[in-house]
Asker: 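There's a structure below that I have some questions on.
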Amino acid sequence: MRLTSWNINSVRLRAPLLAEIAEYTKSDIICLQETKTPDEFFPHDEIEAMGFKHRAFTGMKSYNGVAILSKYPLEDVRIEHRCENADCRHIAARVIKDGKEVFDLHNLYIPAGGYEPDPVANDKFKHKLDFVDELTEWFPANHKKSEKMVVVGDLNIAPRENDVWDHKKMLKVVSHTPVEVEKFTAFQNAMDWVDSAREFYPDDQKLYTWWSYRAKDWAAADKGRRLDHIWVTQPLKKHLKGHSVLKDARGWDRPSDHAPLTTEFDL
DNA sequence: ATGGTGGTCCTACCA
């Protein structure tokens with residue numbers, strides 16, 4: 001089974017690229033963030049044609065929006081809200097293969113947090129920190145570490161030194177500040193989540209999933225950040241078979257600023 | 001130090 005996560009930055013605009021990515025990554029399941037599309041305009045026909053007969057999604061006009069596209073049945077779809085806010089940033093479903101649940105899948109889009117890394121001066125940064133805090137409490141309150149679970153998404157935090165192009169320069173930049181990393185780590189530890197990327201690309205290697213649109217030559221500058229993640233609970237760790245970032249997709253025509261990432265399971 | 005780009009939807013707002 002191959003599972004991909006991609007911040008698509010408009011599912012309507014980039015449905016053709018999605019088809020290429022689905023084929024290229026041979027994905028059975030694709031989780032999207034920033035679909036930016038109200039549910040009534042979700043591009044079902046194009047996605048059905050890609051072979052994803054099972055879809056769970058929640059969207060709104062212009063902002064946010066998450067979707068799970070699957071070749072396997074999805075059950076018990078849950079649309080969750082954090083921070084007493086109606087934003088479409090968390091959707092979950094049970095993935096069913098051969099009549100049995102293989103895992104409970106959670107697709108997240110954590111707030112980006114604005115520019116100023118100060119929760120007093122910047123409400124967006126406060127929202128981001130509060131959102132992560134809520135997740136840290138919510139998962140253990142609603143699930144057990146012994147469950148087979150997967151969390152994917154644009155978590156908008158690059159936690160490790162080699163998850164950014166320059167650790168020292170990035171310490172004051174939202175996405176890599178110490179307070180974000182501290183809360184991110186607490187969230188990860190709360191369920192003993194396994195970071196599937198770092199199972200295959202150790203901490204001493206640079207690994208990114210996002211490159212700014214504003215860079216003149218994003219590939220040459222390579223000032224990336226690893227903002228997107230695929231985590232699994234401990235019972236799934238032995239089923240991890242590989243991980244890759246489709247960096248090439250960042251260089252395709254009219255790209256998202258995020259590259260897709262794929263984890264392969266022997267499930 | 002600043003501004004650099006892109007999506008949505010028409011005016012800013014978000015990333």
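Every chain is numbered from 1 and lettered A, B, ... according to where its sequence line falls, protein lines coming before strand lines. In this text the structure is predicted, and so the values were computed from the model without any measurement.
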Asker: For Lys223(A), does its backbone N or O pair with a side-chain atom of Trp211(A) as donor and acceptor, under 3.5 Å?
Answerer: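 No.
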Asker: Quick one about His243(A) and Thr263(A) (side-chain donor to acceptor, distance below 3.5 Å, no hydrogens or angles considered), yes or no?
Answerer: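 Yes, side-chain donor-acceptor contact under 3.5 Å.
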Asker: For the side chain of Thr37(A) and the backbone of Phe42(A), is there at least one donor-acceptor N/O pair under 3.5 Å apart?
Answerer: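 No, Thr37(A) side chain to Phe42(A) backbone: no donor-acceptor pair under 3.5 Å.
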Asker: For the residue pair Thr262(A) / Arg2(A), report whether a side-chain donor-acceptor contact shorter than 3.5 Å exists.
Answerer: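 No, no side-chain donor-acceptor pair sits under 3.5 Å.
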Asker: Measure CZ/Arg14(A) against C1'/dG7(B) and give the value in whole Å, please.
Answerer: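 It is 7 Å, rounded to the nearest whole Å.
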Asker: What is the minimum heavy-atom distance between Ser196(A) and Phe200(A), and which atoms define it?
Answerer: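 Scanning both residues, the minimum pair turns out to be O-CD1, 3.2 Å.
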Asker: Quantified in whole Å, what is the P atom distance between nucleotide dC13(B) and nucleotide dC9(B)?
Answerer: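 So the two P atoms sit 16 Å from each other.
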Asker: Any side-chain to backbone donor/acceptor pair from Lys128(A) onto Ala112(A)? Under 3.5 Å, distance only.
Answerer: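 Here the side-chain-to-backbone pair exists.
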Asker: What integer distance in Å separates Trp210(A):CH2 from dG6(B):P?
Answerer: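 Taking CH2 of Trp210(A) and P of dG6(B), I get 13 Å after rounding.
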Asker: Any donor-acceptor pair under 3.5 Å linking the side-chain atoms of His90(A) with those of His81(A)?
Answerer: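 Note: His81(A) and His90(A) side chains miss the donor-acceptor criterion.
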Asker: Grouping I, L, V, M, F, W and Y whenever their side-chain heavy atoms are under 4.5 Å apart, do Leu246(A) and Val11(A) come out in a common cluster?
Answerer: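 In one cluster with Leu246(A): Val11(A), yes.
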Asker: Can you check the Gln33(A) CD to dG7(B) C1' distance for me, whole Å?
Answerer: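 The distance from CD of Gln33(A) to C1' of dG7(B) comes to 16 Å, rounded to the nearest Å.
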Asker: Taking the same atom, P, in dT2(B) and in dG6(B), what whole-Å distance lies between them?
Answerer: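 My reading of the P atoms in dT2(B) and dG6(B) gives 23 Å.
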Asker: Tell me the interatomic distance from Trp252(A), atom CH2, to dG6(B), atom C1', rounded to whole angstroms.
Answerer: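 Answer to the nearest Å: 19 Å.
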Asker: Any chance you could pull the hydrophobic cluster mates of Leu108(A), using side-chain heavy atoms under 4.5 angstrom and chaining through other members?
Answerer: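 Leu108(A) clusters with Ile110(A), Phe131(A), Val132(A), Leu135(A), Trp138(A), Phe139(A), Met149(A), Val151(A), Leu155(A), Ile157(A), Phe184(A), Phe187(A), Met191(A), Trp193(A), Trp231(A).
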Asker: When the distance from CZ of Arg254(A) to P of dT8(B) is rounded to whole Å, what number comes out?
Answerer: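 One finds 8 Å between P of dT8(B) and CZ of Arg254(A), rounded.
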Asker: For nucleotides 11-15 of chain B, list the nitrogen or oxygen atoms of the protein found under 3.5 Å from its nitrogen or oxygen atoms, one pair per line.
Answerer:
| residue | atom | partner | partner atom | Å |
| --- | --- | --- | --- | --- |
| dC14(B) | OP2 | Lys124(A) | NZ | 3.2 |
| dA15(B) | N6 | Arg214(A) | NH2 | 2.7 |
| dA15(B) | N1 | Arg214(A) | NH2 | 3.2 |

Asker: Could you state the atom-to-atom distance from CZ of Arg12(A) to C1' of dT8(B) in whole Å?
Answerer: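 One finds 9 Å between C1' of dT8(B) and CZ of Arg12(A), rounded.
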Asker: Grab the CG-C1' distance between Leu13(A) and dG7(B) for me, whole Å please.
Answerer: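 These atoms are roughly 7 Å apart.
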Asker: Can you tell me how far P of dG7(B) sits from CH2 of Trp6(A), to the nearest Å?
Answerer: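 Rounded to the whole Å, the gap is 11 Å.
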Asker: Between dG4(B) and dA15(B), how many Å separate the two C1' atoms, rounded to a whole number?
Answerer: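 The same atom, C1', in both gives a distance of 14 Å.
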Asker: Please convert DNA chain B into dot-bracket. A pair counts if it is Watson-Crick or G-U wobble with both distances under 3.5 Å; crossing pairs go in [ ] and bases paired with another strand get |.
Answerer: ....((((...))))
Asker: Expressed as a whole number of Å, how far does the P atom of dG3(B) sit from that of dG7(B)?
Answerer: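 About 22 Å, rounded to a whole number of Å.
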